[in-house]
Structures are given as structure tokens and as C-alpha cells.
2 protein chains.
Amino acid sequence: MDVEDDRPEIAVSTVIFALRTNERTSTPQPPTIWLPLVCRVRDPYDGSWALPGGPLRAREGLADAARRTLHETTGLTPKYLEQLYAFGDVDRSPGRRVVSIVYWAMVESEEAQRAKVGQNVRWLSADRLPRLAFDHNLIVSYALWRLRNKVEHSRIAHAFLGETFTLRELREVHEVVRQKGLDPANFRRQMEASDALVPTDGTRTGGRHRPARLYRYNHAIELVDSGPLSTSSG
Amino acid sequence: MDVEDDRPEIAVSTVIFALRTNERTSTPQPPTIWLPLVCRVRDPYDGSWALPGGPLRAREGLADAARRTLHETTGLTPKYLEQLYAFGDVDRSPGRRVVSIVYWAMVESEEAQRAKVGQNVRWLSADRLPRLAFDHNLIVSYALWRLRNKVEHSRIAHAFLGETFTLRELREVHEVVRQKGLDPANFRRQMEASDALVPTDGTRTGGRHRPARLYRYNHAIELVDSGPLSTSSG
DNA sequence: GCAAAAGTGTTGCTAATACACCCATGC
DNA sequence: GCATGGGTGTATTAGCAACACTTTTGC
């Protein structure tokens with residue numbers, strides 16, 4: 001066996017999350033977690049759905065590679081991107097040895113609608129996934145677990161929303177991700193106490209009720225979350 | 001430039017933590033966090049201290065590689081081992097492109113004393129490190145941050161201790177890692193409430209005071225911490 | 001006995017919860 | 001008006017920190 005071919009390859013993949021409402025149903029429903037997947041067109045796993053990704057280029061950072069590959073396949077620009085885990089089991093890819101550095105990302109709902117879907121790229125519901133290629137079911141499970149964990153103790157839920165948003169919208173993100181209803185009053189107080197939000201002058205009107213104040217995310221804080229690693233250092 | 005040489009290499013390194021008392025001082029002192037480092041014997045960074053590690057073999061899992069390389073250089077067998085992060089900045093290694101999958105580990109104090117130190121391997125204090133090779137200072141900082149974060153919300157402190165231990169010993173681990181004194185009474189209650197500990201029949205005697213009950217870690221729980229990833233899947 | 005750490009009890013503060021209530025808007 | 005969600009107030013509860021106190025050992 002050739003020594004060069006023995007060297008493990010490096011690939012970078014990304015689990016991209018967005019909150020979307022199921023278009024198939026006519027009655028209004030709360031959004032759920034969806035992710036764009038790519039249909040493989042060659043073996044192994046020809047015809048299976050897989051995470052967007054690709055090989056790491058020689059002069060390209062890990063996060064850069066994640067951003068590039070997900071943009072190439074989906075056209076999306078994520079609002080949040082973080083390294084998830086390196087998957088490197090010996091036989092996770094039939095025939096070859098591939099170590100995948102996996103990232104996870106969030107895109108806002110508006111951006112998600114701009115994604116170029118088609119025969120080869122499609123949104124699938126995170127909790128009704130078919131059997132995916134490679135170990136990608138495990139990867140998505142872990143990414144979901146991380147998302148749910150992080151959203152409780154961190155201030156990242158806004159990454160699913162636009163520049164400004166109402167407290168109701170932010171609460172809905174939390175409710176969908178954490179899979180349980182939250183008291184509007186208590187949620188408001190927690191957010192106000194956390195210093196994560198800055199009220200704007202605007203309000204969102206719609207529906208037959210009092211208009212809701214629009215808030216903006218307070219970017220002056222987020223340094224705390226990832227410790228010594230800034231968001232860049234991949 | 002040759003295409004084969006352009007492909008990024010994969011290395012696996014490990015930040016190994018142990019609690020040790022400084023041998024140089026005669027007066028008894030509380031332990032602090034130490035880690036074994038390897039002195040490099042060739043460029044780049046010839047003569048600098050670096051994390052134990054090495055290239056990933058073709059038919060070897062990531063965690064296996066971490067376990068192997070740290071054992072080869074230090075002789076240690078860690079009680080806890082977890083993936084930390086993949087570091088892959090383009091120019092983190094002069095001349096070559098290396099992506100390092102870094103693990104972090106804890107060894108119990110007794111095991112730490114069995115480590116084979118010498119000219120090339122030495123224990124250094126985690127908060128008084130010199131300038132290390134590559135980006136290893138950043139890596140150690142991040143590992144420390146992770147250790148300190150995880151020890152508060154998780155049940156891993158026992159990994160610094162032997163099979164059985166007193167509440168005082170466990171509390172000392174927390175105090176050293178979290179860098180602050182803890183109330184013995186409240187600490188006891190928290191541990192008892194957490195179900196993480198199982199009391200044994202034994203007691204530890206020593207010093208002129210009442211013997212302390214020995215506890216054992218309750219292994220029936222730990223599944224929760226890492227979510228869908230069991231400790232094996234690297 | 002006395003020092004020192006093991007172990008127990010009590011109190012008060014803070015934060016999270018549950019839920020009652022008023023406010024402002026669209027229809 | 002009236003339904004609906006926006007927004008405020010408040011009582012109850014759970015958890016945690018502080019600290020006084022009792023117990024049991026070595027010397």
C-alpha cells in the first residue's frame with residue numbers, strides 16, 4: 001500500500017440550522033428546526049442525503065472552509081458559525097480514511113428562504129430525518145444537542161432572527177429549540193436582566209393587538225462565551 | 001508545488017492536567033494544576049516546550065492516537081480523556097500545514113507521580129508557563145478554561161483522585177480548579193444532593209481530627225454529560 | 001483537655017416560577 | 001365593544017451562601 005494514500009484526508013462539513021414553518025400545511029403553525037442537506041451523486045452513499053461540506057484546501061482556515069463549502073452548495077451566509085467536533089472513526093467512510101471537522105451554523109429565517117434548493121439541495125426537518133450518509137445522523141444529533149444546550153445558557157437565539165425582533169419572536173425561538181412553552185412575563189424579565197438586548201425606537205405592528213417593541217442584540221458582550229478562543233481562530 | 005505535499009497533515013495532541021504540590025517548597029501547600037510538556041529536539045521551535053502528541057496513523061481513532069502518543073512520551077494513563085478542539089489556522093506551523101486535533105485529559109495525582117520525567121519531559125505549572133511552541137499557549141489556555149467551566153457544571157473532579165476519596169479531597173480539587181474557597185458544609189450538601197457520590201464503609205484517618213468517610217464515584221450517571229456522543233466516538 | 005477537621009442545623013437572600021391583572025391595538 | 005397579545009405586579013417556592021453549632025478523633 002502506498003504511504004501517501006494512507007494519510008488521512010481532512011474534510012469540513014457543517015450542520016446548518018434554521019427555523020421554518022412547514023410549507024405543506026395551510027393552517028398556521030409554529031416553526032420547527034430544519035437543515036439543508038445535499039443529495040450525494042456518487043458512491044459511497046450514492047443517493048443519500050448528506051451534510052454540505054468538502055475537502056479542506058491547503059491555504060484555507062477551518063472556519064473559512066466551512067463558510068465556503070456551505071455557501072457553494074446552499075448559497076447561504078450563516079449568522080453564527082462555531083466548530084462542533086472532529087469526527088475521525090477509522091471506518092466512518094467506506095474505503096477511505098476521512099477526518100471531518102464539523103461546524104454548526106445558524107441562519108436567520110429570511111436568509112433561509114433565499115437558499116437555492118433544487119434536485120440536489122433540500123431542507124429537511126431536524127427531528128424527522130431519514131437515514132443519512134456516513135455518520136451524519138450522529139453528527140446532526142450531537143449538533144442539535146449542542147444547540148439546545150447552548151441556547152439555554154448563552155445568548156445566541158437571536159442568530160435565528162433578523163437585525164431587530166420582538167420579544168415574542170425571540171421567545172418563540174427559545175420555545176421551539178428548548179421544546180417547551182415559556183411564560184411571556186418571566187421570559188421578558190430574564191431577557192431584560194441579562195443585558196443581552198437593547199430596545200429600539202421601532203415597534204412591530206400586526207394582528208389585532210398592541211404593537212410590540214423591537215429589540216436589537218447587544219454585541220458588546222459575547223466575548224465571554226467561548227473563552228480564550230475568539231470566533232475566528234479555527 | 002507538489003499536490004501531495006499540499007495536503008494538510010493531521011496531528012493529535014493532548015493537554016494533560018494533574019494536581020500536584022510544588023516539590024521545591026518545604027512548607028505544606030495546597031496543590032495546583034500542572035501539565036507534562038515535551039522539549040522539542042528539532043526545528044521548528046527547537047528547544048521549546050510543547051504538548052505531547054504526534055501524527056495520526058492511518059488505522060487509528062482520534063482518541064486512540066491521543067492515548068497512544070501521551071503514553072509513549074509520558075508513560076501516563078489518563079483517567080479522563082475528551083476532545084478539546086481542532087486547531088487549523090493556516091500558518092500555525094511554520095512551513096507545513098498541520099491541523100491538530102487536541103484532546104484534554106486528567107490523571108490522578110498518584111498516577112502523575114509515576115510519570116517518566118527527564119531531560120525531555122517535565123511537569124510545568126499551568127499558570128506560570130513559558131512561551132510554548134506553535135500555538136500551544138492558546139491551546140492550554142482554552143483547555144484550562146474548559147476544565148474550569150466543566151468542573152462546575154459536571155461531575156468530573158473525581159478524575160484527579162483515586163478510586164475512593166474524602167469530601168475534603170474532592171473539595172480541594174474544586175477549590176484549586178475553580179480558584180476559590182468553598183464552604184465545607186454547602187459543598188457536602190451539593191455533592192450529596194447530586195447523586196454523584198456513593199459512600200463506602202471505609203474512612204480515611206490522618207491528622208488530629210475525626211476520620212472522614214470515603215466516597216466512591218457513581219458511574220451509573222455520566223452518560224448525560226456529552227449528549228449523543230459516548231466517550232468512545234472520536 | 002485542646003486543636004482541628006468532620007459533619008449538622010438554621011437563617012436569610014436571590015432567583016425562578018406561577019398566575020392575576022391592566023394596556024393598547026385591530027376589527 | 002371585545003378578542004388578542006403586549007406588558008406589569010406580586011405571592012410562593014427552591015436553591016444557595018453564610019455561619020453557628022455539635023461531634024469525634026490525635027496528641
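Throughout, a chain's letter reflects where its sequence line sits, starting with A, and its residues are numbered from 1.
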Apply side-chain contact (heavy atoms from CB on, under 4.5 Å) to [X] and list each qualifying residue two or more places apart in sequence or on a separate chain.
X: Q190(A); answer: none
X: E152(A); answer: R178(A)
X: N218(B); answer: V198(B), A220(B), I221(B)
X: N186(B); answer: D183(B), R189(B)

Task: With F187(A) via ring pair (Phe, Tyr, Trp, His ring centres under 6.0 Å) - residues at least two apart - done: H174(A)
Open item on the list: If the condition is ring pair (Phe, Tyr, Trp, His ring centres under 6.0 Å), which residues does Y215(A) pass it with, not counting sequence neighbours?
Closed with: none
Open item on the list: R155(B): which residues meet the salt bridge (charged side-chain N to carboxylate O under 4.0 Å, His left out) condition with it, sequence neighbours left out?
Closed with: none
Task: Bending between helix ends of the helix from dG1(C)-dC27(D) to dC27(C)-dG1(D) [5 pairs per end, 10° resolution] - done: 0°
Task: Range on DNA chain D touched by chain A, heavy atoms, distance below 4.0 Å - done: dA3(D) to dT10(D)
Task: 4.5 Å side-chain heavy-atom contact, P31(A) and E172(A) - done: yes
- [ ] Starting at the 5' end of nucleotides 5-11 of chain C, put B wherever the base has a protein heavy atom under 4.0 Å, S where only the sugar-phosphate does, and a dash everywhere else.
- [x] SBSBBB-
Task: Pairs where residues 192-213 of chain A contributes a residue and the test side chain to side chain donor-acceptor pair (under 3.5 Å) is met, not counting sequence neighbours - done: E169(A)-R204(A)
What donor-acceptor contacts under 3.5 angstrom involve side-chain atoms of residues 104-115 of chain B, with partners at least two apart or in another chain?
| residue | atom | partner | partner atom | Å |
| --- | --- | --- | --- | --- |
| S109(B) | OG | L19(B) | O | 3.1 |
| E111(B) | OE1 | R114(B) | NH2 | 2.8 |
| E111(B) | OE2 | T77(B) | N | 2.7 |

Open item on the list: Here's a test of your reading of the structure: between G207(A) and K180(A), which maps to the more 5' nucleotide of DNA chain C?
Closed with: K180(A)
